[in-house]
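Scroll down for the structure; my scribbles are underneath it.
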Amino acid sequence: MLDLPKQYDHQSAQKRWYPFWESRGYFHSEPDPAKRPFTIVIPPPNVTGALHLGHALNNTLQDILIRQKRMQGFEALWVPGTDHAGIATQAVVERRLLEEEGKTRHDLGREGLVGRIWAWKNQYEARILAQLKQMGCSCDWARTRFTLDPVCARAVRHTFFRLFQQRLIYRGKRLVNWDTMLQTAVADDEVFHETVPGHFWYFYYPVIDPRPGEPDRVMIATTRPETMLGDTAVAVHPDPARALERIERELEKKLAEAPEREKADLAAELDEVRRRRVELLPELLTLRDMAHDGRRVMLPLVDRPIPLVADEWAKPEMGTGCVKITPAHDPNDYEVGLRQGLPMINILNPDGTLNEFAGRYRGQAVLEARQNVVADLEKLGLVAKIEDRQIDLAHSDRSKTPIEPLLTDQWFVRMERLSQMAMDAVTSGRVKILPQRYTKGYLDWLSEKRDWPISRQLWWGHQIPIWYCKTATEDELKAAFRGRSDVVWQWDGDHRQWLICAEEEDLAPDAVPGHELRRENDVLDTWFSSALWPHSTLGWPDATPELGYYYPTSVLVTSRDIITLWVARMVLTGLFNCGDVPFREVFIHPKILDAYGETMSKSKGNGVDPLDVIEKFGADSLRFGLAYLTTETQDIRMPVAFECPHCQALIEQTKENRTRPRIRCVHCQKDFSTQWAQKQADRALPRAAVVSERFESARNFCNKLWNAARFTLMNLEGYTPGAVAEEELRVEDRWVLSRLATVTGQVTEALAAYQYADAARTLYGFAWDEFCSFYVEMVKGRLQDPAARPVAQRLLAHVLDTLLRLLHPMIPFLTEEVWQLLGQAAPERGIDAARPAAASIMIAPWPEADPARRDPEIEERFARFQEVLRAVREIRSRQNVPPRQSIEFAARCDAATRALLVPMEPYFASMAGARPTAWGPEVEAPAISANATLPGIEIFVDLAGLIDLDAEIARKKDELARLDARIATQRKKLANENFVQRAPAAVVQKERDTLRDLEGQRDATAAVLDRLASLPQGKRS
RNA sequence: GGGCGUUUAGCUCAGUUGGUUAGAGCGUCAGCUCGACAAGCUGAAGGUCACUGGUUCGAGCCCAGUAACGCCCACCA
């Protein structure tokens, strides 16, 4: 007899089967014209750090699809890889460099720093790929890519070249979010806002040569006084009277409709606007006229005359009604500057200090300059007032330092045409986004057609393949690159220089004889290379067999926050480079949140490491648990817990305790450390893993499966393969085969629609509540009977075999472990015809739903059986019948029901410890019995000497009341003429049948109650 | 300000084209070491389906509105 442990050992299974699969080459895919391809490219994780639970979810969902499609006979390819994540990775490495060695990137130089980042990348890439393997991901490792490797670099170069050649890339000035620490532009989504206490300063700018009736100064307000050094205008609204009037009317309307509690605020606002119309408007009108006259004010401190301009940006209801314009340091002012044709004066150096345009403040840091500017204006008597105010300050997500808006030269992709292509691909249905509701965000974002800023002033990334030359003539360029189609150039008029782009090879500084070429230092936005991922990984720009076979890929599985940044850009570069969409479908999966609905992150301390979950619960439980929670609309909430390293108890993580360096276990009272441990004493303590109890039920399910398999394996001694004839099948066999056919269909359908939770729940229910709770229980007797045993064994092996295959995509390790054991005990399986099992479940065929096996009649019979069984068990329980004591029962029912249930007789004994004594219409209730009334069946358990009469009577009274209430509802429904006339006949008939059943039950229950109540007291216990 | 989502048992969530008594897991209670499984088995308790109105013979489901919570985008001298 096999000796298997009672608990599934996930560690050992994971250790053995992953190398087995890998060594057999099951993960590897090659183009095979005889098969249909199914391709997924992984959303490449950033090499900034280890994988978190969100990655675990993302990759589990992909692996489920890949494994299933592979079993379905597709040539399944899953391309793995990682992303260099430009700014994020460089920021992490720079921060460590500073913390650990006190050095900046400039101490190391470009090459030195990039070398450090490569070392970091190698470390984390290895860790990430190892994590994927531990999760069981069946990626084709031979095709692992990195967005900065030579293959991807080549695709980047070619794409840039093609875009440049078609004039879809240009260089231009743009106000960017400048990170003064990293000294690079950062994207809008890499900026976070924090509210900090600040001030509102009111300054006067003197009017130059005021005329009679004109003010001699204008008042402006600012939160950033030092930027006044770069002011090039003061704006006033072109029609302040109308603007104020409009706002007043709007407010009046709002006030009339507003709920009571908002009225006070609105009224105050309205008063303010009215006050302005009286007190401020005359001056604003004068200023407006002065603006039209081309009058100027004197910018103090730098003594620069600047114009008054009329521009709608100056809202008369805000601030002083006038606004200073600093085009080079404020996004809105920049727009005004463009509109009004104002000069743009950049007063900042890249490191955040002021430059030569700041006059005597040159060299000062921003905050220093701010103090000095205010002090100097005060000396001149130009500070009107200072108010305290909360300021929403932009910070760089990477360096955590304040952002300075800065006007710089940047590279852009022209989006007009490309955006339209990407929109068309989705509106036409060539790319389907699922769930569909995410389509709107995608289209809205693309429809703005904002040009894509692609340059970053970093060292880690794809260096822009552009060389500058100021001195050569076009003829000289033509001569130098004669006969070369891989070099193109454009004239950059603003900077009086040539922009030369080289497609494949770098240009030497002396590539144009007699002139010096200087290479662009900037690198490309990390999304530029990610955007090419589906085709660059398959070998583009070469026409590789892979590109022809696997492209377009089948589905992209990703999270909603990068639909615009990544998905949209993949679609447009795919169309631009390959002429076809990168994928047919995009599946957007839920996000993982903690118990408070917050996103998980290392900095909050609420992040769960998938490896901790795998360690404690196993990869199978991690995967099944995640699949089980992946519904269409709901994000996944995960209560987070510390696992006490001393006693393994789970200690709930709260907002309060989650950032503590040391925590005391509430169970064993011993201390453990967390990720925050800094002090020597804390670090010496054992560290708690951070896990979630939500994987417990998945772990329990895996163990249940393991034990069902264990039972099967223990009972396969003497197994003989062979077809099972129809007449050899018993009721329970036909039932389980019918259910299996249904479940197979449901699971296949659910996975095709990315309904992971449905698939998981269906399999959970079938495996636990039907296969284990019924089929296994019912087959036990037959296994002891030499005549019935062979067929029972074949059925058992077949059902388990099919169930394992259905579960394999979600639970790969356990199913392989059992598959191999089953292969030893029953190498040939199947009830239609016995066939040798596949060498691995990974390459076994996906089960086909056999509609011929569906048998509604058997399922109906089984449902009746289950009802009666449940009723008998309930009677046992409520009467406190000792578990070992056998009981007898009789059932009053019609002949048809009797015929249905008689074959089930033996199972009442094994499954409820009850023996049926009689079935049929003539059955009479025993004198002392407990009873249950079901539609069409009345069950009497003979309990002479056992019955708790009072309990039984109370019970029956409750039951009677319940039945009466339902009968009343039912009668009311049927008395409704509208219902009887308008509802479909079948529905009405069903209601009538229900009523008849209920009435029958009520009468039976009433009769039982009468009899019990009339029993002499002495009989009562 | 614009968009999206959520609200169902103590907790976390399912709930199909509108049609019997709204389900599951966890938790709770009662009882079980019976040769697969105590990570288990059997049974029970637990719900005004956020609120208001509408459509319908019939609404957890469809429509309108309200509220709370969450997310995304835009903006904030």
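Letters go in sequence order (proteins before strands), and every chain restarts at 1.
Among the protein residues, Cys702(A) comes within range of no part of the nucleic acid, since none of its heavy atoms lies under 4.0 Å from any strand. Using a 4.0 Å heavy-atom cutoff across all strands shown, Arg560(A) reaches sugar-phosphate atoms only and no base atom. Within the 4.0 angstrom heavy-atom criterion, base atoms lie near Ala708(A). Residue Phe200(A) is in sugar-phosphate contact alone, with no base atom involved, counting any heavy-atom pair closer than 4.0 Å across all strands shown.
If you check distances only, the side chain of Lys6(A) never reaches the base of rC37(B) with a donor-acceptor pair under 3.5 Å. A donor and an acceptor atom sit less than 3.5 Å apart, one in the side chain of Lys780(A) and one in the base of rA36(B). Side-chain atoms of Arg699(A) and base atoms of rA39(B) include a donor and an acceptor less than 3.5 Å apart.
With Phe889(A) as the aromatic partner, Arg915(A) does not meet the cation-pi criteria of under 6.0 angstrom to the ring centre and within 45 degrees of the ring axis. Seen from the ring of Phe711(A), Lys780(A) counts as a face-on cation partner, given the 6.0 Å and 45° thresholds.
The CD-C1' distance, from Glu696(A) to rC26(B), rounds to 8 Å in whole Å. Rounded to whole Å, the distance from CG on Asn707(A) to P on rG35(B) is 14 Å. Atom CD in Gln879(A) sits about 14 Å away from atom P in rA44(B), given to the nearest Å. One can place OH of Tyr628(A) at 8 Å from C1' of rC13(B), the figure rounded to the nearest angstrom. For the pair Leu650(A) CG and rC11(B) P, the computed distance is 20 Å after rounding to whole Å. We find that CZ of Arg761(A) is positioned 8 Å from P of rG15(B), with the value rounded to whole Å. Taking atom CG of residue Asp9(A) and atom P of nucleotide rC37(B), one finds them 17 Å apart after rounding to whole Å. In this structure, the CD1 atom of Ile592(A) is 16 Å from the P atom of rC71(B), given to the nearest Å.
Atom name C1', nucleotides rA50(B) and rA67(B): the rounded distance is 8 Å, in whole Å. When the P atom is compared between rG58(B) and rU20(B), the two are found 15 Å apart, to the nearest whole Å. Going from the P atom of rU16(B) to that of rC62(B) covers 9 Å, rounded to whole Å. Comparing the same atom, P, in rC11(B) and in rG27(B) gives a spacing of 15 Å after rounding to whole Å. Only the C1' atoms considered, rA68(B) is 15 Å distant from rU52(B), to the nearest whole Å. Here the separation of rC61(B) from rU55(B), taken at their P atoms, is 15 Å to the nearest Å. On the C1' atoms, rU66(B) is 14 Å away from rU7(B), given to the nearest whole Å. Nucleotides rG19(B) and rA74(B) have their C1' atoms positioned 46 Å apart, rounded to a whole Å.
The glycosidic torsion of rC32(B) lies more than 90° away from 0, which places this base in the anti conformation.
A donor-acceptor contact closer than 3.5 angstrom links the side chains of Lys324(A) and Thr326(A). Defined by atom type and a distance below 3.5 Å, a donor-acceptor pair is present between the side-chain atoms of Gln340(A) and Asp311(A). Counted by atom type alone, Tyr8(A) and Asp620(A) present one or more donor-acceptor pairs between their side chains at under 3.5 Å. Neither side chain, Asp769(A) nor Tyr764(A), offers a donor N or O lying under 3.5 Å from an acceptor on the other.
Heavy atoms from other residues, nucleotides or ligands lying under 6.0 Å from CD of Glu387(A) number more than 12.
Figure legend. rA9(B) is base-paired to no nucleotide; pairs are counted as Watson-Crick or G-U wobble with both atom distances under 3.5 Å. Across every strand in view, rG40(B) sits in a pair with rC32(B) that passes the Watson-Crick or G-U test at under 3.5 angstrom. In this structure rG70(B) sits in a base pair with rC4(B), meeting the Watson-Crick or G-U test at under 3.5 Å. For rU55(B), there is no paired nucleotide, since no Watson-Crick or G-U wobble pair has both relevant distances below 3.5 Å.
Counting heavy atoms from C-beta outward, Pro639(A) and Ser692(A) have side chains that approach closer than 4.5 Å. No side-chain heavy atom of Glu693(A) sits under 4.5 Å from any side-chain heavy atom of Met638(A).
Among the candidates Tyr628(A), Trp706(A), Phe624(A), the single residue satisfying the ring-ring contact (aromatic ring centres under 6.0 Å, His included) test with Phe701(A) is Phe624(A).
Note that the CD1 atom of Ile563(A) and the OH atom of Tyr442(A) stand 10.0 Å from one another [nearest 0.5 Å].
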Query raised in the report: Which letters describe nucleotides 2-7 of chain B, given B = protein heavy atom under 4.0 Å from base, S = only from sugar-phosphate, - = neither?
Result: -SSSS-

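Each of Ser697(A) and Arg870(A) has a nearest nucleotide on RNA chain B; the 5'-most of these lies closest to Ser697(A). Along RNA chain B, the nucleotide closest to Gln7(A) and the one closest to Thr223(A) are compared, and the more 5′ of them pairs with Gln7(A).
Within the structure, a side-chain polar atom (N or O) of Thr631(A) is placed less than 4.0 Å from OP1 or OP2 of rA14(B).
Proximity of residues 768-777 of chain A to RNA chain B (heavy atom under 4.0 angstrom from any strand atom) is restricted to Trp768(A), Cys772(A), Val776(A), Glu777(A).
Taking both residues in full, the closest heavy atoms of Arg560(A) and Lys591(A) are given as NH1-CD, 3.3 Å, listed atom of the first, atom of the second, then distance.
Here the nucleotide nearest the side chain of Glu874(A), chosen from rG43(B), rA24(B), rC41(B), is rG43(B). Set against rU12(B), rC34(B), rC71(B), the side chain of Arg884(A) has rC34(B) as its closest nucleotide.
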